[in-house]
Participant: 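First the structure, then my questions, so here it is.
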Amino acid sequence: MSRIHPSAVIEEGAQIGRDCVIGPFCWVGPNVVLGDRVELKSHVVLTGNTTIGEDTVIFNFAVVGEIPQDKKFGGEETRLEIGARNRIREHVTINTGTAGGGGVTRIGNDGLFMAGCHIAHDAQVGDRVIVVNNVAIAGHVVLEDDVIVGGLAGVHQWVRVGRGAIIGGLAKVTHDVIPYGLVNSDSGVLAGLNLVGLKRAGLPRADISALRAAFKELSEGDGTFLERVDRVAEGTDNAYVCEIVDFVRAHSDRSFLTPGA
């Protein structure tokens, strides 16, 4: 049922779902699994132990599933898992995992990965994430659901970016970003909350007000950042504020991008 251009190379062992479209000069490796209705435009390279979810479209000259750009990688068996309904645009590169990072790079559903961006080994990317042109997501990074990373930004290895956060273009992100946070562009400062995203998501005014009050305490309160987090935790039962508290209290390999830092 699938349509495969005669110039495409499909290695023996590759699994092709129903109604896929594989355009001219694509190469699909022997350990690749394509879900139903996946479309490869042209000159797409899929390799490694790579699974692509249904209804995903991959555009020209993308290279998906190649080995990590990590000198510690020794050829071990690792994987790349990409969910459903993603749009992976021209010249995007996405690498498999490493043994030291858990062995798998994961991308969720309904993401948009714009031209020229890079998703490195062992990254864990949630649902509905948007990564804009020429962004570099380093190894072991976590992007939770509904994150937006602006063009030409760079996210340092091991950084976590919480759900609903937005990172401005050209930003250099070297510390964890709280859920719903707003990071300024090249200064890399946690400047506030992603209020536009919260409103677009339909959050009630009371929840947005609770988040704003919590951020005010985090940015202007007395004591260390973690002491301010403790005070926020003691003073609220709002689910969205508690999400920020839990994010900060969770284990991390990096420090936090604090308000105005």
Side-chain angles (χ1 to χ4, degrees), residues 70 97-98 100-102 104-108 111 117-132 135-195 197-198 201 210-221 223-233 236 238-261:
D70 185 341
T98 64
V104 57
T105 303
R106 289 190 181 92
I107 292 176
C117 70
H118 175 66
I119 310 297
H121 59 88
D122 305 297
Q124 306 294 307
V125 179
D127 298 337
R128 300 174 300 279
V129 168
I130 299 174
V131 179
V132 182
V135 165
I137 303 297
H140 314 282
V141 164
V142 175
L143 303 180
E144 295 187 352
D145 295 346
D146 302 303
V147 165
I148 299 174
V149 185
L152 294 165
V155 182
H156 196 282
Q157 58 261 37
W158 301 104
V159 160
R160 299 179 303 143
V161 180
R163 182 162 74 105
I166 184 168
I167 296 170
L170 298 173
K172 180 178 69 175
V173 182
T174 58
H175 302 283
D176 289 353
V177 180
I178 61 172
Y180 315 109
L182 167 65
V183 177
N184 269 347
S185 57
D186 57 349
S187 58
V189 169
L190 183 63
L193 295 171
N194 182 15
L195 294 174
L198 293 171
L211 284 166
R212 295 183 75 166
F215 188 85
K216 182 176 177 65
E217 173 62 28
L218 292 175
S219 59
E220 300 178 9
T224 67
F225 182 64
L226 291 179
E227 289 171 345
R228 285 174 260 161
V229 169
D230 289 340
R231 285 199 299 274
V232 168
T236 188
N238 181 273
Y240 295 96
V241 176
C242 289
E243 185 177 350
I244 293 176
V245 171
D246 291 343
F247 182 92
V248 172
R249 288 175 168 174
H251 171 76
S252 176
D253 292 288
R254 303 200 66 81
S255 58
F256 289 91
L257 195 63
T258 54

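What's counted below: heavy atoms across the whole structure, side chains too, no hydrogens, waters or symmetry copies.
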Participant: Restricting to non-hydrogen atoms, name the atom on D122 and the atom on G97 that form the minimum distance, rounded to 0.1 Å.
Facilitator: OD1-CA, 3.3 Å

Participant: Under the criterion side-chain contact (heavy atoms from CB on, under 4.5 Å), I'd like the reasoning laid out for L193 against L182: C-alpha separation, chi angles, the key distance, then a yes or no.
Facilitator: CA-CA 5 Å; L193 295 171; L182 167 65; 5.7 Å; no

Participant: Taking all heavy atoms of V245 and all of A233, pick out the closest pair and write down the distance.
Facilitator: CG1-CB, 3.7 Å

Participant: Report the C-alpha distance between V229 and L218 in whole Å, list the side-chain angles of each, state the deciding distance to 0.1 Å, and finish with yes or no for side-chain contact (heavy atoms from CB on, under 4.5 Å).
Facilitator: CA-CA 6 Å; V229 169; L218 292 175; 3.6 Å; yes

Participant: Does a salt bridge link R163 with D145, judged by any charged N lying under 4.0 Å from a carboxylate O?
Facilitator: no

Participant: Give the minimum heavy-atom separation between G139 and A120, together with the two atoms involved.
Facilitator: N-CB, 3.4 Å

Participant: Between Q124 (side chain) and V104 (backbone), is there a donor-acceptor pair under 3.5 Å?
Facilitator: yes

Participant: Using 30° and 60° as the class boundaries, would you call the ring planes of Y240 and Y180 parallel, tilted or perpendicular?
Facilitator: perpendicular

Participant: Would you check, one step at a time, whether the test side-chain contact (heavy atoms from CB on, under 4.5 Å) holds for V142 with H140?
Facilitator: CA-CA 7 Å; V142 175; H140 314 282; over 6 Å; no

Participant: Determine the minimum heavy-atom distance between V159 and H175, stating which atoms define it.
Facilitator: CG1-O, 3.6 Å

Participant: I148 and side chain to side chain contact (heavy atoms under 4.5 Å, CB included): which partner among V129, I130, V131?
Facilitator: I130

Participant: Roughly how far apart are I178 CD1 and L257 CG, rounded to 0.5 Å?
Facilitator: 9.0 Å

Participant: Is there side-chain contact between V155 and Q157, with at least one heavy-atom pair below 4.5 Å?
Facilitator: no

Participant: CG/L198 to CG/L211 distance, rounded to the nearest 0.5 angstrom?
Facilitator: 6.0 Å

Participant: Report the residue from R160, R254, R249 that forms a salt bridge (charged side-chain N to carboxylate O under 4.0 Å, His left out) with D176.
Facilitator: R160

Participant: For P259 and F225, which heavy atoms make the closest approach, and how far apart are they?
Facilitator: CD-CE1, 3.8 Å

Participant: Closer than 4.0 angstrom, basic N to acidic O: yes or no for D146 and R128?
Facilitator: yes

Participant: Within the structure provided, determine whether F256 and L190 are in side-chain contact (heavy-atom separation under 4.5 Å).
Facilitator: no

Participant: Using atom types as modelled and distance alone, determine if a side-chain donor or acceptor of N184 lies under 3.5 Å from a backbone N or O of A191.
Facilitator: no

Participant: What are the two closest heavy atoms between V241 and T236, and how far apart are they?
Facilitator: CG1-CG2, 3.5 Å

